[in-house]
Asks: 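Got a structure here, written out as structure tokens. Questions coming.
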Number of protein chains: 2
Amino acid sequence: MSPNKPRAYHHGDLREALVASGRKLLEEKGIRGFTLRECARRAEVSHAAPAHHFASMDDLLAELVRRGFAELTAAMTAEADRIEGEAAARLVGLGVGYMAFAAANPALFQLMFSREANRIELEEGEAGAGGIRRLQAAIVEELLADASGEVRQRMVDFAWASMHGFITLVLEGEIGGRDSSRALKSRGLAVLAAMAETVVRAAR
Amino acid sequence: MSPNKPRAYHHGDLREALVASGRKLLEEKGIRGFTLRECARRAEVSHAAPAHHFASMDDLLAELVRRGFAELTAAMTAEADRIEGEAAARLVGLGVGYMAFAAANPALFQLMFSREANRIELEEGEAGAGGIRRLQAAIVEELLADASGEVRQRMVDFAWASMHGFITLVLEGEIGGRDSSRALKSRGLAVLAAMAETVVRAAR
DNA sequence: TTTGGCCTCTTTCCATCGTCAAGATTGGCG
DNA sequence: CGCCAATCTTGACGATGGAAAGAGGCCAAA
């Protein structure tokens with residue numbers, strides 16, 4: 001009952017604790033400041049304990065990436081589903097969800113879309129970035145029912161590139177360095193609107 | 001004259017040698033595999049020698065980033081200048097130069113536009129990403145001479161976001177994973193064309 | 001209930017890293 | 001010609017990721 005350090009062996013759910021502390025640490029210090037030992041420290045566990053739950057540091061990072069993609073697609077569909085209007089509006093909604101997730105988890109987002117991540121998680125059924133494209137592709141297909149497959153593919157490229165590029169540049173401080181969050185949101189919406197309009201116009 | 005290891009002390013131009021080996025190493029191993037000691041090893045110099053030319057590892061990386069931005073803007077203007085046609089075509093040209101540089105130096109490009117880089121090189125007269133926006137802004141201004149400042153700003157956001165997002169997703173393997181370089185180029189050009197068309201159309 | 005096995009966690013160790021301090025070497029300036 | 005400052009090396013420190021070996025606790029089979 002002593003509140004000092006009663007828990008000795010057997011943490012209970014160390015795996016989840018490591019995922020949680022790892023995620024916080026990632027956002028605090030960035031990927032270069034991310035340390036397995038610090039994760040363990042925050043979970044109040046010895047530095048070698050994580051090895052029993054994650055084969056390596058990259059394995060933990062891969063788990064964070066995996067969960068990130070799940071959350072990201074969830075955020076996108078949630079935002080799109082809130083809009084019951086036209087397909088174009090839903091396409092914008094996907095972008096809003098995308099950008100909101102990225103803004104809330106900048107370091108994780110960057111990790112998810114980093115060259116390093118791809119060298120890591122080549123396993124799994126690719127529930128990652130593929131799902132994002134599929135979400136957009138479904139709406140583009142709806143908008144461009146009569147267009148060729150190639151036109152549709154290029155419009156999906158375009159839609160994804162626009163929203164990804166904008167939020168990426170914002171997170172890096174390259175766009176709107178000292179703008180208010182309000183102004184930034186407005187600029188992001190403008191980009192999404194221009195994107196959706198271009199997609200719609202591809203139908204001739 | 002013995003070709004073994006004649007050069008002992010005084011490398012000659014260690015700074016440049018470190019920049020060169022560092023750049024190669026960065027592309028080979030990525031930022032997470034980048035090591036100051038390995039840079040020194042490749043320059044055939046002791047592990048502490050770099051300290052006399054770069055205050056820290058981040059200082060070397062900052063130099064790489066600085067040179068990267070110079071090369072990137074040079075590549076963009078070179079490609080745009082090759083085209084003497086309309087402003088819209090030159091806008092596409094800027095994008096071609098941008099993507100070509102990124103494809104040729106993927107790891108450096110990612111470093112240049114990474115959250116980590118921004119924490120590093122807060123010095124200097126910002127000859128970095130600001131120059132890129134200025135290049136695009138000049139052409140957009142030409143195309144949208146009659147538009148409001150806000151419209152122009154949003155079109156620059158849009159132009160930059162499109163080209164940045166596309167090449168970024170390609171480098172990460174999210175777009176066109178197994179496509180030929182030829183096909184990828186075509187898709188990139190399609191994105192740039194759609195982008196330029198959207199900018200032009202913003203003039204009403 | 002007891003006991004044996006297995007999973008969890010700790011301790012200890014190793015190679016490597018970035019950085020610092022001190023010493024060795026050299027080129028060039030007086 | 002000799003000395004100085006710049007350049008490079010050697011050695012050390014603390015921190016990291018990972019491997020190996022041992023200690024501690026849970027649970028199911030007897």
Asks: Which part of the nucleic acid does A:Arg15 contact within heavy-atom distance under 4.0 Å: base, sugar-phosphate only, or nothing?
Replies: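 No contact.
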Asks: For A:Ser56, which residues count as a side chain to side chain donor-acceptor pair (under 3.5 Å) partner, sequence neighbours excluded?
Replies: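 For A:Ser56, no residue satisfies side chain to side chain donor-acceptor pair (under 3.5 Å) once neighbours in sequence are set aside.
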Asks: At 4.0 Å (heavy atoms only), tell me whether A:Ser46 reaches a base, stays on the sugar-phosphate, or touches nothing.
Replies: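 Base, at least one base heavy atom under 4.0 Å.
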Asks: Measuring from the side chain of A:Arg41 (C-beta onward, heavy atoms only), which nucleotide among C:dT19, D:dT16, C:dC17 has the closest atom?
Replies: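 Of C:dT19, D:dT16, C:dC17, D:dT16 is nearest to the side chain of A:Arg41.
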Asks: Is a salt bridge present between B:Glu141 and B:Arg133, judged by a nitrogen-to-oxygen distance below 4.0 Å?
Replies: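 The answer is no: the pair does not qualify as a salt bridge.
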Asks: To the side chain of B:His52, which of D:dA20, C:dT19, D:dC8 is closest?
Replies: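 Selected nucleotide (nearest to the side chain): D:dC8.
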Asks: For a quick check of understanding: with a heavy-atom distance under 4.0 Å over all strands, which category does B:His53 fall into, base, sugar-phosphate or nothing?
Replies: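 Counting heavy atoms under 4.0 Å across all strands, the contact made by B:His53 is with sugar-phosphate only.
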Asks: So if I take every side-chain heavy atom of A:Arg37 and compare against C:dT11, D:dG17, C:dC17, which nucleotide ends up nearest?
Replies: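 So the nucleotide nearest the side chain must be D:dG17.
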Asks: Are B:Arg187 and A:Gln153 side-chain neighbours, meaning at least one heavy-atom pair lies under 4.5 Å?
Replies: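 They are in side-chain contact.
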Asks: Using every non-hydrogen atom in the two residues, find where A:Pro50 and A:Ala40 come nearest and quote the distance to one decimal.
Replies: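 Of all heavy-atom pairs spanning A:Pro50 and A:Ala40, the closest is CG-CB, 3.8 Å.
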Asks: Please table the atom pairs, donor to acceptor, closer than 3.5 Å between any side-chain atom in residues 90-110 of chain B and protein atoms at least two apart or in another chain.
Replies:
| from | atom 1 | to | atom 2 | distance (Å) |
| --- | --- | --- | --- | --- |
| B:Arg90 | NH2 | B:Glu142 | OE2 | 2.7 |
| B:Tyr98 | OH | B:Trp160 | NE1 | 3.1 |
| B:Tyr98 | OH | B:His164 | ND1 | 2.7 |
| B:Asn105 | OD1 | B:Arg23 | NH2 | 3.2 |
| B:Asn105 | ND2 | B:Phe101 | O | 3.0 |

Asks: For A:Ser148 and A:Arg154, does a side-chain donor sit closer than 3.5 Å to a side-chain acceptor?
Replies: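 Note: A:Ser148 and A:Arg154 side chains miss the donor-acceptor criterion.
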Asks: Looking only at side-chain atoms of B:Val45, point me to the closest of C:dT19, D:dG18, D:dT9.
Replies: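 Out of C:dT19, D:dG18, D:dT9, the nucleotide with an atom closest to B:Val45's side chain is D:dT9.
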Asks: Please tell me which of the listed nucleotides, D:dG11, D:dT16, D:dT9, lies nearest to the side chain of B:Ala49?
Replies: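 My answer, after comparing the listed nucleotides, is D:dT9.
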Asks: If you fit an axis to the five pairs at each end of the helix from C:dT1-D:dA30 to C:dG30-D:dC1, how big is the angle between those two axes, to 10 degrees?
Replies: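 Between the first-five-pair axis and the last-five-pair axis there is 10°.
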